[in-house]
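One structure below.
The structure presented is a predicted model; accordingly, all values stated were derived computationally and were not measured.
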Amino acid sequence: QVQLVESGGGLVQAGGSLRLSCAASGPAFENYIMAWFRQAPGKEREWVSFISWSGSDSYYPESVKGRFTISRDNGKNTVYLQMHSLKPEDTAVYYCAAGRFVDDMSSPHEYDYWGQGTQVTVSS
């Protein structure tokens with residue numbers, strides 16, 4: 001069983017930056033693929049980043065590529081999402097997710113554990 005707790009959300013002006021953290025507790029964090037998703041009101045949950053077990057591979061959708069960076073510190077059982085050049089359309093609740101075996105990195109159904117989410121609001 002893995003517990004995930006996100007932090008770092010808040011209110012920021014357009015063009016600003018935020019860094020989200022996701023602290024994991026439970027066994028063998030390094031065995032889990034990690035991802036970040038977001039969900040805006042009235043919209044489906046959207047994948048925004050993926051990182052492999054070791055952290056050597058990461059992927060992003062076009063909507064955030066070049067602005068968001070995912071990283072992980074397996075020694076601290078923590079995954080991060082650094083966000084730059086934020087836009088009002090980035091406003092959402094951001095969730096981290098963990099999965100052992102993921103075929104479709106963009107599908108929420110592939111992940112086994114979820115945090116409670118942290119709100120990010122970008123004002124124009």
Side-chain angles (χ1 to χ4, degrees):
Q1 188 79 9
V2 174
Q3 291 82 42
L4 303 172
V5 179
E6 301 97 335
S7 61
L11 174 63
V12 63
Q13 289 188 331
S17 300
L18 279 176
R19 189 176 83 153
L20 306 183
S21 299
C22 173
S25 59
F29 172 74
E30 66 275 10
N31 290 343
Y32 285 86
I33 290 165
M34 300 298 296
W36 287 92
F37 286 76
R38 67 187 180 188
Q39 190 165 20
K43 294 189 176 182
E44 293 186 350
R45 195 162 292 193
E46 176 192 17
W47 166 66
V48 295
S49 61
F50 166 101
I51 193 165
S52 59
W53 296 284
S54 67
S56 60
D57 299 299
S58 58
Y59 303 93
Y60 310 87
E62 287 299 322
S63 58
V64 307
K65 192 177 292 183
R67 300 189 298 121
F68 289 12
T69 303
I70 189 172
S71 61
R72 67 189 296 165
D73 185 337
N74 287 344
K76 294 183 178 180
N77 284 12
T78 302
V79 63
Y80 305 96
L81 184 67
Q82 179 68 56
M83 305 184 292
H84 293 297
S85 302
L86 283 162
K87 306 174 182 179
E89 51 263 44
D90 294 319
T91 295
V93 177
Y94 283 70
Y95 299 89
C96 66
R100 286 294 308 277
F101 306 103
V102 175
D103 289 326
D104 180 356
M105 67 179 76
S106 67
S107 172
H109 304 291
E110 297 280 336
Y111 297 87
D112 304 307
Y113 302 103
W114 293 83
Q116 82 290 347
T118 186
Q119 176 70 48
V120 171
T121 303
V122 184
S123 63
S124 57

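Under the 4.5 Å side-chain heavy-atom criterion for ILVMFWY residues, no single connected hydrophobic cluster contains both Trp36 and Trp114. Leu20 and Ile70 fall within the same hydrophobic cluster, defined by Ile, Leu, Val, Met, Phe, Trp and Tyr side-chain heavy atoms under 4.5 Å apart, directly or through other members. Tracing side-chain contacts under 4.5 Å through hydrophobic residues (I, L, V, M, F, W, Y), one reaches Met34 starting from Tyr113; they form part of the same cluster.
Sorted by first and then second residue, the salt bridge (Lys or Arg N to Asp or Glu O under 4.0 Å) pairs involving residues 51-70 (not counting sequence neighbours) are Glu62-Lys65, Arg67-Asp90. For residues 18-35, every residue pair satisfying the side chain to side chain donor-acceptor pair (under 3.5 Å) rule, not counting sequence neighbours, is listed here: Gln3-Ser25. Residue pairs meeting the disulfide (SG to SG under 2.5 Å) criterion with at least one member in residues 46-92: none, sequence neighbours excluded. Sorted by first and then second residue, the pairs that involve residues 51-79 and meet ring-ring contact (aromatic ring centres under 6.0 Å, His included), not counting sequence neighbours, are Phe50-Tyr59. Counting only residues at least two apart or on different chains, no salt bridge (Lys or Arg N to Asp or Glu O under 4.0 Å) pair has a member in residues 94-104. Screening residues 89-124 for disulfide (SG to SG under 2.5 Å) gives Cys22-Cys96 as the qualifying pairs, with residues at least two apart or on separate chains.
The shortest non-hydrogen separation linking Thr118 to Gly9 is OG1-N, 3.2 Å. Of all heavy-atom pairs between Gln1 and Pro27, the closest is O-CD, 3.5 Å. Closest approach of Glu46 to Ser63, counting heavy atoms only: OE2-OG, 3.6 Å. Listed here is the closest heavy atom pair of Pro88 and Ser124: CG-CB, 3.8 Å. Here the shortest heavy-atom pairing between Ala24 and Leu4 reads CB-CD2, 3.6 Å. Nearest heavy atoms, Ser56 versus Ser54: OG-OG, 2.9 Å.
A donor-acceptor distance shorter than 3.5 angstrom exists from the side chain of Thr91 to the backbone of Val122, with no hydrogens or angles considered. Without hydrogens or angle criteria, Arg38 side chain to Gln119 main chain gives no donor-acceptor distance under 3.5 Å.
A search for side chain to side chain donor-acceptor pair (under 3.5 Å) contacts involving Asp112 returns nothing, not counting sequence neighbours. Considering only residues two or more places apart in sequence or on other chains, Ser17 meets the side chain to side chain donor-acceptor pair (under 3.5 Å) condition with His84. Listed by chain and number, the residues in a side chain to side chain donor-acceptor pair (under 3.5 Å) with Arg45 are Gln39 (sequence neighbours excluded). With sequence neighbours left out, Glu89 forms a side chain to side chain contact (heavy atoms under 4.5 Å, CB included) with Lys87.
Here the side chains of Val102 and Tyr111 are in contact, with some heavy-atom distance below 4.5 Å. Annotation: side chain of Phe37 is not in contact with side chain of Val48 (no heavy-atom distance under 4.5 Å).
Expressed to the nearest 0.5 Å, how far OH of Tyr94 lies from OG of Ser49 amounts to 9.5 Å. One finds the CE atom of Met105 at 8.5 Å from the CD1 atom of Ile33 (value rounded to the nearest 0.5 Å).
In the hydrophobic clustering (ILVMFWY side chains linked at under 4.5 Å, chained through shared members), Val5 stands by itself.
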Give every donor-acceptor pair under 3.5 Å between a side-chain atom in residues 75-83 and any protein atom, sequence neighbours left out.
from: Thr78; atom 1: OG1; to: Lys76; atom 2: O; distance (Å): 2.8
from: Gln82; atom 1: NE2; to: Leu18; atom 2: O; distance (Å): 3.4

